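Worksheet for the structure shown next.
On a predicted model such as this, the values are computed, not experimentally measured, just so you know. Each chain gets a letter, A, B and so on, in the order the sequences are listed, and its residues count up from 1.
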Amino acid sequence: MSTTQELHELPAQYDPGQTERAVYERWVAAGVFSADETRSKRNGGDRDPFVIIMPPPNVTSVLHMGHGLNNTVQDVIVRWRRMAGDEALWVPGTDHAGIATQNIIEKQLAAEGKTRFDLGREAFVERTIGFVRQTGGQILQQLRAIGASCDWNRTAYTLSPELSIAVREAFVQLHERGLIYRGHRVIHWCSRCLTSLSDEEAEHSEEMGTLYHIAYPIAGTKDKESLVVATTRAETMLGDVALAVHPDDERYTDLIGKSVLLPIANIEIPVIADDYVDPAFGTGVVKITPAHDPNDFEVGLRHKLPMPVIMAPDGTMANGVDAGSRVPPELLGVDRFEARERIVRTLEKSRQLKKVEPHQHAVRHCYRCDTVVEPRLSDQWFVKTEPLARPALQAVRDGTIRVLPKRWEAAYIHWMENLRDWNISRQLWWGHRIPVWYCEKCNRQIVSRTDVTACDKCGGSVRQDEDVLDTWFSSWLFPISTLGWPDKSAAPLVAFYPTDDLVTAPEILYLWVSRMIMAGYAFMDAAPFHTVYLHGTVRDTNHVKMSKSLGNGIDPLDVVASYGADALRYTVIAGMGMGADLVLDPKDLERSFAPGRNFATKMWNMGRFLLTNVGSAPVGSVDELRDTELTLADQWILGRLNATISECDAALGTARPADGNWAPEDRYSGLRLSEFAEAARRFVWNDVADWYLETTKGRIGTDGADSEVARAVLTHVFDYALRLLHPIMPFITETLWQRLPSPLAADRSEFLAIAPWPLPHPVAGNETDAMARFDLAREAVSAVRQIRSDYAIPPGKLIEAFVQSRANGGLFTDQARLIGQLGRATLKVGASPTDAAAAHAVLTDGSEVIVPLAGVVDLAKECGKLRGELEQLEAQLESLSKRLRNEGFTSRAPAAVVDSERKKEEEWTKRRELIAAKVIALCGG
RNA sequence: GGGCGAGUAGCUCAGUUGGUUAGAGCGCCUGCCUUACACGCAGGAUGUCGGGGGUUCGAGUCCCUCCUCGCCCACCA
């Protein structure tokens with residue numbers, strides 16, 4: 001193949017738009033992303049399985065930067081493990097998202113002037129199914145554009161028939177084990193969504209409210225004696241059934257057992273004593289509203305008080321269960337906040353409003369629509385969480401599961417320890433209907449895996465529970481349900497459960513992650529994964545979370561179109577420290593994404609150089625090269641490659657715990673993706689492109705063996721660089737890799753995506769020495785460039801003398817080695833009698849060396865010698881400068897550089913002398 | 001109210017166990033269209049590492065304290 005043809009194949013400009021789609025289609029067509037159960041070691045195969053279950057996005061959602069970040073991270077990890085030889089599986093899926101999806105359809109209906117009740121349940125569900133079928137799941141299509149290497153054959157959906165079986169099974173099993181029960185208590189109620197919420201779905205936010213001090217006249221007193229109560233939710237007073245004081249509060253002791261008159265409702269209610277009351281807060285008197293406050297509910301239970309409900313589900317005032325006619329006619333149907341205003345005004349008029357003061361407090365809001373949540377007494381289904389939490393807590397405590405970054409581990413533990421029972425029933429229509437039937441005739445409650453048509457006892461007709469299950473009750477099963485549970489012998493479940501990493505944002509640690517861990521133990525008796533990786537949030541430059549509604553979002557597909565998926569991925573990975581937020585500028589995509597694109601372009605051009613110069617003829621294997629054949633540069637770049645591989649591996653860490661538990665040294669050290677990206681980038685750009693590739697220019701193309709050596713080494717180094725970068729920038733690396741000349745001893749895979757992950761290769765010759773010597777050469781080159789720049793010397797002019805004398809001196813390497821050795825050591829002297837004559841140096845890598853005392857003393861002398869060499873260097877620089885000045889050049893930066901260097905060096909010398917002196921003093925000379 | 005994180009160059013951020021002259025990208029300045037790359041190359045400037053105190057031969061890193069911002073948790077009406 002001729003050079004021109006190859007250049008033709010590799011256009012001067014990399015065009016991601018033209019290549020990415022085709023590359024992706026070839027991967028899919030070749031089944032590169034498909035995992036094979038039979039290859040898993042757990043299923044008789046020869047590979048370790050490595051599995052990530054995708055946090056299922058809402059089925060109606062479209063790709064935003066948050067997804068872009070989340071899925072890029074997962075893809076980087078899964079591609080790394082795929083190359084490392086694991087049977088890698090990434091399971092994609094979507095969540096039916098009960099409330100969120102129902103809200104969308106309700107909004108559509110509202111636009112048509114209708115409510116879901118106008119349609120009826122069946123038609124509403126049909127319509128939603130239709131909507132999901134038409135527009136749902138497009139996010140999974142979009143994920144392909146950013147290169148997500150999911151096994152699309154296993155795409156899951158929480159409301160699919162398979163997963164619905166799992167949901168039912170889980171419900172029935174927990175019910176059989178006594179862990180699901182029907183409870184009558186105060187729950188969080190969203191008056192807009194018309195459903196109950198779990199504790200986690202009712203989110204706190206600090207708000208400025210008003211504390212109203214209201215006087216309740218004491219019954220039977222003539223002169224309007226009263227008890228004053230402080231409340232922020234004045235409207236709930238209509239549901240008051242008592243006033244409570246602390247039993248030991250002397251101010252009120254004689255009032256206990258008496259009655260007060262509830263204003264507006266004009267009902268007599270008792271004054272009771274309960275420990276729950278804090279005498280120090282407000283007036284020390286609390287109104288008890290059992291149906292509309294969880295604490296008051298508990299008080300109500302203890303004192304066997306009635307529990308009148310004074311609000312309708314939609315948040316308007318109404319006489320509900322046990323309310324009689326507490327709500328006066330003029331307030332019936334009035335919204336709760338309006339009612340609050342009116343009641344306050346009424347009390348003001350009757351002079352029963354004693355004080356009004358601003359009061360900051362936390363108010364719970366619906367996590368889907370932000371409506372203020374109303375505590376409300378109702379019947380709901382609950383999961384008893386304590387028995388489920390026990391193993392889930394233990395798993396994180398004992399290192400079966402690690403949480404990265406570490407700080408979230410404490411948050412998880414704290415939350416798990418204080419977990420309350422989980423309300424799983426929702427008064428919605430979109431979701432898994434609760435598998436409970438009630439006999440119309442004998443009132444029997446039937447919990448069943450299959451649909452029930454008649455009572456199994458009396459044959460009476462049955463009706464199914466109206467409620468659906470919390471969305472999270474299906475997604476908490478995702479790691480098991482997507483793999484075939486409840487069939488415990490299903491091949492995917494056997495081969496791939498437990499999974500490995502779970503990658504998500506901290507905001508759903510409690511809502512989802514913790515519950516998956518509980519489900520894993522409850523149904524499979526094993527943790528669902530061993531690593532929870534929590535990444536940050538995507539924010540704009542004002543650190544505001546990106547969102548469509550705020551208009552500060554970036555559409556990942558726009559970025560893909562303008563900069564390419566690789567640029568998007570690189571930016572996301574390189575810009576994100578462990579657990580840190582990712583800040584991007586929605587108004588300046590160029591600033592955010594150009595570095596990634598530029599890096600891709602750099603690689604593209606390296607590829608063009610390589611194809612033009614190395615050509616497509618097969619190259620030799622580097623393993624067969626002898627050290628006598630390798631130049632200093634060859635040895636150096638191979639050494640740098642090894643170092644880079646080690647750096648990348650260290651940043652990525654151990655993929656899985658060795659014996660079921662994380663070893664302390666691995667537990668918090670892995671998945672430092674930005675460091676991985678930086679190590680690879682540094683190598684490719686600063687080492688290969690800036691230095692090594694330049695050294696091959698005079699070699700490749702010449703006749704003789706050295707040209708072949710350079711071809712082999714350059715190709716090898718670039719090949720391995722592409723491998724290291726593939727998880728981050730899969731498209732361009734695959735494209736370039738496909739065109740690399742093949743090594744003579746070739747067992748190359750068809751795709752880079754499944755090519756082996758690099759291992760360090762031993763370099764022929766003395767690697768350390770060669771690297772030091774080449775570094776010296778680089779130092780010399782840099783020094784010359786600096787002089788050139790300072791004196792504005794034209795590119796053509798040579799300054800040979802300096803290079804040579806510098807290279808011969810070997811000053812920098814020796815100096816570096818010396819300072820390095822002492823610098824990293826902590827000296828412990830005379831720790832034991834046998835140590836008396838030696839200094840014990842503990843190096844920072846944990847290894848220890850014994851330095852004979854004489855050696856330490858020599859170090860001090862050595863410092864003096866170095867100072868001499870430094871002076872020699874200065875002299876050389878000075879004479880060079882003089883010569884240049886004589887030739888008519890003038891320095892543009894007559895640098896005090898040497899001067900400051902000497903100062904710093906002297907400082908270090910002093911320090912070393914101090915240490916040495918101390919050593920001598922301690923050891924008695 | 002409790003807990004956690006952050007504050008490092010103009011901007012966005014790295015900096016594992018204290019140790020060679022605190023780094024990267026972008027931006028900025030100077031010079032280069034040097035036949036892979038101007039989405040580039042070479043050179044350069046910019047930091048009291050939030051303030052103060054302490055431990056140490058040595059602190060961005062450890063301890064104390066204060067300030068600013070952010071996050072999580074929370075049944076004080």
*P atom, B:C76 versus B:G3: distance in rounded Å?*
16 Å
*Using a 4.0 Å heavy-atom cut-off across all strands, classify A:Ala410 as base, sugar-phosphate, or nothing.*
nothing
*B:G47 to B:A9 separation - P atoms, rounded to the nearest Å*: 10 Å
Under 3.5 Å between N/O atoms: give me all the protein pairs with nucleotides 70-74 of chain B, atom names plus distance.
{"from": "B:C72", "atom 1": "O2'", "to": "A:Tyr510", "atom 2": "OH", "distance (Å)": "3.3"}
{"from": "B:A74", "atom 1": "N6", "to": "A:Glu206", "atom 2": "OE2", "distance (Å)": "3.3"}
{"from": "B:A74", "atom 1": "N1", "to": "A:Glu206", "atom 2": "OE2", "distance (Å)": "3.4"}

*If we take the C1' atom in both B:U55 and B:U46, what is their distance in whole Å?*
32 Å
*Taking 4.0 angstrom as the limit, do A:Lys545 and A:Glu507 come out as a salt bridge?*
yes
*Between B:U17 atom C1' and A:Arg667 atom CZ, what is the distance in whole Å?*
18 Å
*What is the minimum heavy-atom distance between A:Ile343 and A:Met237, and which atoms define it?*
CG2-SD, 3.8 Å
*asked:* Can you measure A:Trp685 atom CH2 to B:G40 atom C1' for me and round it to whole angstrom units?
replied: 8 Å
*asked:* Rounding to an integer number of angstrom, what distance separates B:G60 and B:G52 when you compare their P atoms?
replied: 13 Å
*Quote, to the nearest angstrom, the P distance that separates B:G70 from B:U12.*
15 Å
*Do the numbers put A:Arg402 on top of the ring of A:Trp662, so that NZ or CZ is under 6.0 Å from the six-membered ring centre and no more than 45° off the axis?*
yes
*asked:* So, OP1 or OP2 of B:C37: does either fall under 4.0 Å of a side-chain N or O from A:Asn598?
replied: no
*A:Ala202 to A:His188 - nearest heavy-atom pair and separation*: CB-CG, 3.7 Å
_At 4.0 Å (heavy atoms only), tell me whether A:His359 reaches a base, stays on the sugar-phosphate, or touches nothing._
sugar-phosphate
*Expressed as a whole number of Å, how far does the C1' atom of B:U48 sit from that of B:A36?*
45 Å
*How is A:Val286 classified with respect to the nucleic acid when contacts are heavy atoms under 4.0 Å: base, sugar-phosphate, or nothing?*
base
*Ignoring hydrogens and angles, answer whether the base of B:A36 and the side-chain atoms of A:Glu694 contain a donor-acceptor pair closer than 3.5 Å.*
yes
*Have a look at A:Arg681 and say if it touches a base, only the backbone sugar-phosphate, or nothing, with a 4.0 Å heavy-atom cut-off.*
sugar-phosphate
_I need the NZ-P distance between A:Lys287 and B:A77, as an integer number of Å._
12 Å
*For atom NZ of A:Lys406 and atom P of B:C4, their distance in whole Å*: 12 Å
*Can you list the residues that meet the ring pair (Phe, Tyr, Trp, His ring centres under 6.0 Å) rule with A:Trp415, with sequence neighbours excluded?*
A:Tyr510
*Find the runs of at least 3 consecutive base pairs, i with j, i+1 with j-1 and so on, that include RNA chain B, using Watson-Crick or G-U wobble geometry with both distances under 3.5 Å.*
B:1-7 with B:67-73, B:10-13 with B:23-26, B:28-32 with B:40-44, B:50-54 with B:62-66
*Toward the 5' end of RNA chain B, which comes first, A:Phe599 or A:Arg591, by nearest nucleotide?*
A:Arg591
_Looking at every non-hydrogen atom in both residues, tell me the closest pair between A:Ala234 and A:Ile214 and how far apart they are._
CB-CD1, 4.3 Å
*Keeping the roles fixed (side chain from A:Glu374, backbone from A:Trp189), state whether a donor-acceptor pair exists under 3.5 Å.*
no
*Could you tell me whether A:Glu298 contacts a base, only the sugar-phosphate backbone, or nothing, with contacts defined as non-hydrogen atoms closer than 4.0 Å?*
nothing
*Report yes or no: do A:His246 and A:Asp278 form a side-chain donor-acceptor pair below 3.5 Å?*
no
_Taking the basic N atoms (NZ, or NE/NH1/NH2) and the acidic carboxylate oxygens, is any pair closer than 4.0 Å for A:Arg597 and A:Glu590?_
yes
_Taking the minimum atom-to-atom distance to the side chain of A:Val583, which one of B:A36, B:A77, B:C13 wins?_
B:C13
*asked:* What contact category does A:Leu610 fall into here, base, sugar-phosphate, or nothing, at under 4.0 angstrom with non-hydrogen atoms?
replied: nothing
*Let me know the distance between CD of A:Glu675 and P of B:G23, rounded to the nearest Å.*
16 Å
*Please determine if A:Arg682 and A:Glu647 form a salt bridge, counting it only when a charged side-chain N lies under 4.0 Å from a carboxylate O.*
yes
*Within the structure shown, what part of the strands sits under 4.0 Å from A:Gln360 by heavy-atom distance: base, sugar-phosphate, or nothing?*
nothing
*Considering only B:C13, B:C41, B:A77, which nucleotide approaches the side chain of A:Thr232 most closely?*
B:A77
*Roughly, in whole Å, what's the span from CE in A:Met729 to C1' in B:C39?*
12 Å
*asked:* I'd like to know if A:Arg667 pairs up with A:Glu409 as an ion pair, taking the criterion as any Lys NZ or Arg NE/NH1/NH2 lying under 4.0 Å from an Asp or Glu carboxylate oxygen.
replied: yes
*asked:* In whole Å, measure the gap between the C1' atoms of B:C39 and B:G25 for me.
replied: 14 Å
*asked:* Between B:U20 and B:A38, how many Å separate the two P atoms, rounded to a whole number?
replied: 38 Å
*NA contact type, A:Arg407, heavy-atom cut-off 4.0 Å: base, sugar-phosphate, or nothing?*
sugar-phosphate
*If the plane angle is over 60° it's perpendicular, under 30° parallel, otherwise tilted; pick one for A:Phe599 and A:Trp685.*
parallel
*Using a cut-off of 4.0 Å on non-hydrogen atoms, how would the nucleic acid contact of A:Pro595 be classed: base, sugar-phosphate, or nothing?*
sugar-phosphate
_Interatomic distance where CG belongs to A:Leu582 and P belongs to B:G25 [whole Å]_ = 18 Å
_In this structure, how many angstroms lie between the C1' atom of B:C37 and the CE atom of A:Met606, rounded?_
10 Å
